[in-house]
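This one's a predicted model, so the numbers in the text were calculated from it and none came from an experiment.
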Amino acid sequence: MLSDAAAPSDWNLTAEQFQITLERSVARRFSCAGSKSSPDTMAIEKYLDTLHAADLALACACSAGNDAAWEYFVATYRMQLHRAACAIAGEAGGGELADSLYGELFGLRESEGLRRSLFDYFHGRSKLGTWLHAILAQRHVDEFRRTRKMESLDNLEGDEPGDARKLPAVNSLPDPEREPYLAMMQAAVEKALNALEPRDRLRLAYYYVEELTLLEIGELLGEHEATASRKIERARQDVRRSVEAALRGEKKLSEAQLRLCYEYAREEWPFDLSRALSAED
């Protein structure tokens, strides 16, 4: 699969290094699926085919500390990261947010003398740019929570100085919102898919599950590929509107919470929607 990634030779990425990265991605994917049994070979191969191999190879080479790969990453993603950080934190805080991420990506924080790169947590299930955007959003939320926590401590009156030591460090806490937000998103998406007309759901299944081309979908459904494209896009928009209506109306999410919900889903979508797409009325 390393050949599919088309990694430049000066990245010095070995098949063994890439294999370890793939195994880590597979372990992460099927542990999130919640199944107690080991996945079969066909399921693993199908999963590997969905990975963004070129992005995964770049992350692997950068994690290994290859200078050429890191220079390519900076040249390719620097402006994209800066724009995304400014969109999240504003012009004043965007530069600092992006700069702090570079340190984590390169692995400036050392543990027991070993450099650990944030790239090790990229599994190739989304595009690298999408994953980076999600990390920026999460770091911004983490900083906001840290600031709120410090303000709360500053406002405490009459407490003993030693009491502050009893509070857990914010960065050591698990993110309590990720799982419920992903669960809300999954339920809203499945409900929206089930509400589609069977033929619209079939188009989406052909496109996203079977990965057919628009031309192939048109031939199967007896319509022009432009018609198939237009109706798939319309169904996508219908699903998005239904999902956002459910999250805003039923779950009472604010706009900021809705954006975070999307970022969690973009970072790592652990749900298999093929059953919902293939559901029959």
Side-chain angles (χ1 to χ4, degrees), residues 4 25-26 28-30 32-35 39-40 42-56 123-131 133-134 137 178-251 253 255 257-281:
D4 297 333
S25 180
V26 168
R28 172 66 177 174
R29 164 64 180 87
F30 290 99
C32 286
S35 175
D40 57 35
M42 183 175 297
I44 292 175
E45 290 179 351
K46 185 176 180 180
Y47 168 69
L48 292 175
D49 287 340
T50 68
L51 297 182
H52 296 268
D55 286 353
L56 195 58
H123 301 298
R125 298 175 63 180
S126 62
K127 292 182 179 180
L128 183 56
T130 301
W131 180 78
H133 193 164
R178 178 181 296 272
E179 292 304 322
Y181 275 15
L182 285 175
M184 284 189 286
M185 174 65 82
Q186 181 185 22
V189 170
E190 290 181 345
K191 182 178 179 181
L193 291 174
N194 288 331
L196 291 175
E197 292 293 328
R199 199 169 178 85
D200 287 333
R201 197 161 56 239
L202 181 60
R203 289 189 190 90
L204 292 180
Y206 280 154
Y207 191 72
Y208 289 107
V209 178
E210 301 299 331
E211 298 184 346
L212 301 183
T213 66
L214 293 171
L215 179 60
E216 291 170 331
I217 295 172
E219 290 176 347
L220 285 171
L221 298 179
E223 58 193 24
H224 193 276
E225 61 180 301
T227 301
S229 175
R230 185 174 65 255
K231 291 186 176 182
I232 287 173
E233 181 58 28
R234 184 190 64 191
R236 279 166 39 89
Q237 293 301 322
D238 287 345
V239 169
R240 186 182 183 95
R241 281 192 292 270
S242 297
V243 167
E244 293 185 357
L247 294 178
R248 287 192 183 102
E250 298 173 16
K251 302 301 181 181
L253 296 190
E255 291 303 311
Q257 290 172 321
L258 183 61
R259 286 196 299 272
L260 185 58
C261 199
Y262 274 119
E263 293 299 343
Y264 283 144
R266 290 190 185 106
E267 179 183 354
E268 187 165 18
W269 182 259
F271 314 123
D272 181 5
L273 297 178
S274 57
R275 181 178 301 177
L277 282 171
S278 62
E280 298 181 356
D281 292 339

Residues which pass salt bridge (charged side-chain N to carboxylate O under 4.0 Å, His left out) with R259, listed by chain and number, not counting sequence neighbours: none
Under the salt bridge (charged side-chain N to carboxylate O under 4.0 Å, His left out) test, which residues partner R199, sequence neighbours left out?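 For R199 there are no salt bridge (charged side-chain N to carboxylate O under 4.0 Å, His left out) partners, ignoring immediate neighbours.
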Mind checking whether [X] and [Y] have side chains closer than 4.5 Å, heavy atoms only?
| X | Y | result |
| --- | --- | --- |
| M184 | L253 | yes |
| Y206 | I232 | no |
| D40 | I44 | no |
| R234 | D200 | yes |
| M185 | Y262 | yes |

Test D238 against every option in R236, R240, R241 by the salt bridge (charged side-chain N to carboxylate O under 4.0 Å, His left out) rule and name the one that passes.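 The passing option is R241.
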From [X] [atom1] over to [Y] [atom2], what is the distance, rounded to the nearest 0.5 angstrom?
| X | Y | atom1 | atom2 | value |
| --- | --- | --- | --- | --- |
| L193 | S242 | CG | OG | 9.0 Å |
| L247 | Q257 | CG | CD | 10.0 Å |
| H133 | L128 | NE2 | CG | 13.5 Å |
| T50 | R125 | OG1 | CZ | 7.5 Å |

Taking all atoms of both residues into account, what is the closest heavy-atom pair of A43 and F30, and its distance?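 Closest heavy-atom pair between A43 and F30: O-CZ, 3.9 Å.
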L196 versus A235, closest heavy-atom pair with distance: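 Result for this residue pair: CD2-O, 4.3 Å.
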Residues in side chain to side chain donor-acceptor pair (under 3.5 Å) with [X], at least two apart?
| X | value |
| --- | --- |
| S25 | Y47 |
| E255 | R248 |
| E250 | K191 |

Side chain of R28, backbone of H123: donor and acceptor closer than 3.5 Å? no
For residues 216-230, which side-chain N or O atoms pair as donor and acceptor with protein atoms under 3.5 Å away, sequence neighbours left out?
from: E216; atom 1: OE1; to: T213; atom 2: N; distance (Å): 2.9
from: E216; atom 1: OE1; to: T213; atom 2: OG1; distance (Å): 3.4
from: E223; atom 1: OE1; to: R203; atom 2: NH2; distance (Å): 3.1
from: E223; atom 1: OE2; to: R203; atom 2: NE; distance (Å): 2.8
from: H224; atom 1: ND1; to: A226; atom 2: N; distance (Å): 2.9

Can you name the residues that form a side chain to side chain contact (heavy atoms under 4.5 Å, CB included) with K46, not counting sequence neighbours? none
